[in-house]
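Quick notes on the structure that follows.
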Amino acid sequence: MRYDLVVFDNDGVLVDSEPVANAILAGYLTELGHPTSYEDSLRDYMGAAVHRVHDLIGERTGQRLPADFDATLHARTFAAFERELEAVVGVTDVLKQLVDARVPYCLASSGSHERIRVGHRKTGLDAWFRDENIFSAQDVGRGKPAPDLFLHAAARMGVAPERCVVVEDSRLGVQAAVAAGMDVYGFTAMTSEEKLAGATGFFGGMDELPAILGL
């Protein structure tokens, strides 16, 4: 095994949530008078914590989003997850191989703990993740692309950053992993290699990941 810890992003890597979540976010922002296409949302917000939405809207328009923006966005997103969400194809096979090989793993997500749990309950991934190996941007001061979340996860799991590998599908996530001094492999199911520039390598399907990890 090449690494002592595998750190998974959640949205788009473990659960197939990016299409659902970004469609809802784009629609809600447009409804509030900030025209945003699905493609705009993927470009600007994929892989980011919700504070980035507030930051970019403020920078671009000088306006503040409503006080209940986060609560409304989360309620709409969670309701859609309950209807539509599925695990990423093949990811449970990867998790089983990690368990069989006794390789530690965790997730480090820009999403809230509640969002993570809602998605995992719907997809059955709650059987593979417990509180002790789930880390959220809520746990640190700055989300991706800052390295804080990945460094926090490594510290809590007791592994040096250089012995960690990150599995990511967003530009911001790759930037955060590189800043943390970790190898990072870009999952290209939804994001092109060009948009994941800086990654250690790339893969297009979960069936490719075990070989990359040395399992």
Side-chain angles (χ1 to χ4, degrees), residues 1 3-25 46-50 73-140 143-144 149-150 152-154 156-157 159 164-170 172-174 176-177 182 184-191 203-213 215:
M1 182 66 189
Y3 303 101
D4 296 334
L5 178 67
V6 180
V7 185
F8 291 95
D9 176 42
N10 188 55
D11 293 293
V13 171
L14 296 174
V15 294
D16 194 15
S17 54
E18 294 292 8
V20 177
N22 282 281
I24 289 170
L25 175 57
M46 182 173 168
V50 70
L73 177 65
H74 290 157
R76 293 183 182 187
T77 302
F78 296 166
F81 282 1
E82 294 287 1
R83 295 190 305 269
E84 306 172 39
L85 196 62
E86 297 180 355
V88 168
V89 173
V91 76
T92 55
D93 292 334
V94 176
L95 295 170
K96 183 178 186 305
Q97 290 188 53
L98 288 170
V99 170
D100 289 346
R102 298 185 179 180
V103 176
Y105 64 89
C106 67
L107 76 82
S109 173
S110 294
S112 67
H113 281 283
E114 184 182 9
R115 175 182 172 127
I116 295 165
R117 283 307 193 188
V118 167
H120 283 203
R121 285 194 299 269
K122 174 63 169 60
T123 59
L125 287 174
D126 54 349
W128 299 93
F129 290 91
R130 297 288 184 264
D131 290 346
E132 58 266 23
N133 66 342
I134 294 177
F135 305 101
S136 161
Q138 286 182 308
D139 304 330
V140 295
K144 305 168 188 178
L149 177 56
F150 288 136
H152 171 71
R156 290 288 300 274
M157 297 294 291
V159 178
C164 300
V165 61
V166 176
V167 183
E168 263 288 354
D169 73 328
S170 75
L172 297 176
V174 168
M182 301 176 180
V184 53
Y185 285 88
F187 183 35
T188 59
M190 277 192 62
T191 313
F203 68 103
M206 284 295 164
D207 58 331
E208 302 171 44
L209 189 55
I212 290 172
L213 299 177
L215 295 174

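A 4.5 Å side-chain heavy-atom check between Tyr3 and Leu5 finds every atom pair outside the cut-off. Contact annotation: the side chain of Met46 approaches that of Thr191 to within less than 4.5 Å [non-hydrogen atoms, C-beta and beyond].
For residues 7-24, the side-chain hydrogen bond (donor to acceptor under 3.5 Å, both in side chains) pairs, not counting sequence neighbours, are Asp9-Lys144, Asn10-His120, Asp11-Ser17, Asp11-Arg115, Glu18-Asn22, Asn22-Ser41. Here side-chain hydrogen bond (donor to acceptor under 3.5 Å, both in side chains) pairs that include residues 77-90, with residues two or more places apart or in two chains, number zero.
Shown here are the salt bridge (charged side-chain N to carboxylate O under 4.0 Å, His left out) partners of Asp169, two or more places apart in sequence or in another chain: there are none. Partners of Ser109 by side-chain hydrogen bond (donor to acceptor under 3.5 Å, both in side chains), not counting sequence neighbours: none found. Residues meeting the ring-ring contact (aromatic ring centres under 6.0 Å, His included) test with Phe187, sequence neighbours left out: Phe203. With sequence neighbours left out, the ring-ring contact (aromatic ring centres under 6.0 Å, His included) criterion links Tyr185 to no other residue. Annotation: side-chain contact (heavy atoms from CB on, under 4.5 Å) contacts of Asp139 (sequence neighbours excluded): His113, Phe135, Ser136, His152.
Taken to the nearest 0.5 Å, the CD atom of Gln97 stands 9.0 Å off from the CG atom of Leu209. Rounding to the nearest 0.5 angstrom, the gap separating the CG atom in Asp93 from the CG atom in Leu98 is 11.0 Å. One distance of note links CE of Met206 with CG of Leu95; it measures 8.5 Å at 0.5 Å rounding.
Here the closest heavy-atom approach between residue Ala154 and residue Cys164 is recorded as CB-SG, 3.9 Å. Minimum interatomic distance between Thr188 and Gly204 (heavy atoms only, all atoms of both residues): OG1-CA, 3.4 Å. When all heavy atoms of Gly12 and Val88 are compared, the closest pair comes out as O-CG2, 3.8 Å. Contact between Leu149 and Ser110 at its shortest, heavy atoms only, is CD2-N, 4.3 Å.
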Atom pairs and distances, donor-acceptor, side-chain atoms in residues 121-129, under 3.5 Å, two or more places apart:
{"unit_1": "Lys122", "atom_1": "NZ", "unit_2": "Leu85", "atom_2": "O", "d": "3.1"}
{"unit_1": "Thr123", "atom_1": "OG1", "unit_2": "Gly119", "atom_2": "O", "d": "2.9"}

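Using bins of under 30°, 30° to 60° and over 60° for the plane-to-plane angle, the ring pair Phe78/Phe81 lands in the tilted bin.
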